[in-house]
Amino acid sequence: LKVLGENGCWGYSDTVLVAELLDERDQQFYDVVKVGDQWWMAENLKFRTGSGSWFYKDDSARFAGLGRLYNWQHAGSSCPSGWHLPSDNEWILLEMRAGLALSEAYNSEWRGTGLRENMIRGGSTGLNVIYSGFRTPEAQYNGINLAGIFWTATEASADEHWYRGLNVSYSGSHRIFLDDDYGLSV
């Protein structure tokens, strides 16, 4: 991990430490941020897992900057060495740092206000959530420039896991579960 700048900040809140990580598997550099006691990728992963990962509409020329979409079975293996798919509870801690009230933390569906603004470029968390859409199990792509949807490691049922979603039309975050065959960001 290589810290950039003496104070680790690029115009973000003084409470956020920004660094750069090299994924040695494909030599891709990623910005990472420390929010509270947690380290987070500040951008979507682009690592090709072989199967179970796609660029939006399978078009790497146009959509490589958005990162890849992963089914849940391959989402965990997309993480660089020493990193992991965050749990539902880790997301809740991040959301609380971004302004989510504890009383709403474990609610399902849309919750909180101002979270989206704090998780996009220039927000208080230092994250750079990208609205990279999603892929359905039927290989349909939706939500580009409208929604950023991210897997968690937390199981909801035998073939479903919790996710987090941010949408340009809502200021809160979406906490619900999906079938593991969807393609979401990591």
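For this chain, numbers begin at 1 and follow the sequence in order.
Checked against salt bridge (charged side-chain N to carboxylate O under 4.0 Å, His left out), R111 has the following partners two or more places apart in sequence or in another chain: E95.
Using bins of under 30°, 30° to 60° and over 60° for the plane-to-plane angle, the ring pair F150/W91 lands in the tilted bin.
Between the side chain of Y70 and the backbone N or O of S77 there is no donor-acceptor pair closer than 3.5 Å. Under a 3.5 Å cut-off, the side chain of W72 and the backbone N or O of D159 do not form any donor-acceptor pair. Counting only distance, with no hydrogens or angles, the side chain of T136 and the backbone of Q140 share a donor-acceptor pair below 3.5 Å. No side-chain donor-acceptor contact under 3.5 Å links R135 to the backbone of S53. The closest donor-acceptor contact from the side chain of E43 to the backbone of D31 lies under 3.5 Å.
For residues 172-186, the set of pairs meeting the salt bridge (Lys or Arg N to Asp or Glu O under 4.0 Å) definition, not counting sequence neighbours, comprises D88-R175. Listed by first and then second residue, the salt bridge (Lys or Arg N to Asp or Glu O under 4.0 Å) pairs that reach into residues 58-86 are D59-R62, sequence neighbours excluded.
A ring-centre distance under 6.0 Å is found for F177 and W162.
Distance check: E117 CD to S124 OG gives 10.0 Å after rounding to the nearest 0.5 Å. Rounded to the nearest 0.5 angstrom, L94 CG and M96 CE are separated by 11.0 Å. Here the CG atom belonging to L184 is positioned 4.5 Å from the CH2 atom belonging to W151, to the nearest 0.5 angstrom. Note that the CG atom of D37 and the CD atom of E90 stand 12.0 Å from one another [nearest 0.5 Å]. Rounded to the nearest 0.5 angstrom, L166 CG and S173 OG are separated by 6.0 Å. Interatomic distance, Y182 OH to H161 NE2, rounded to the nearest 0.5 Å: 16.0 Å.
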Note to self: Working note: I92 + R164, criterion side chain to side chain contact (heavy atoms under 4.5 Å, CB included); need CA distance, chi angles, decisive distance, verdict.
What the structure shows: CA-CA 10 Å; I92 287 171; R164 281 308 182 286; 3.4 Å; yes
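Using a 4.5 Å cut-off on side-chain heavy atoms (C-beta onward), L93 and R97 make no contact. For the pair Y30/D23, a side-chain contact is recorded, criterion being any heavy-atom separation below 4.5 Å from C-beta on. By the 4.5 Å heavy-atom criterion applied to side chains, W39 and V33 are not counted as neighbours.
Minimum interatomic distance between L85 and G76 (heavy atoms only, all atoms of both residues): CD2-N, 4.2 Å.
Hydrophobic cluster of W110: the remaining members, joined at side-chain heavy-atom separations below 4.5 Å, are Y170, listed by chain and number. As a member of the Ile/Leu/Val/Met/Phe/Trp/Tyr network built from side-chain separations under 4.5 Å, F29 groups with L22. Hydrophobic cluster of I144: the remaining members, joined at side-chain heavy-atom separations below 4.5 Å, are W54, Y56, F63, L66, L69, I130, Y141, listed by chain and number.
Under 3.5 Å, the side chains of T154 and S87 contain no donor-acceptor pair of N or O atoms. Side-chain contact annotation: N118 with T125, donor-acceptor N/O pair under 3.5 Å absent.
Counting heavy-atom neighbours within 6.0 Å of Q27 CD, excluding the residue itself, gives a total above 12.
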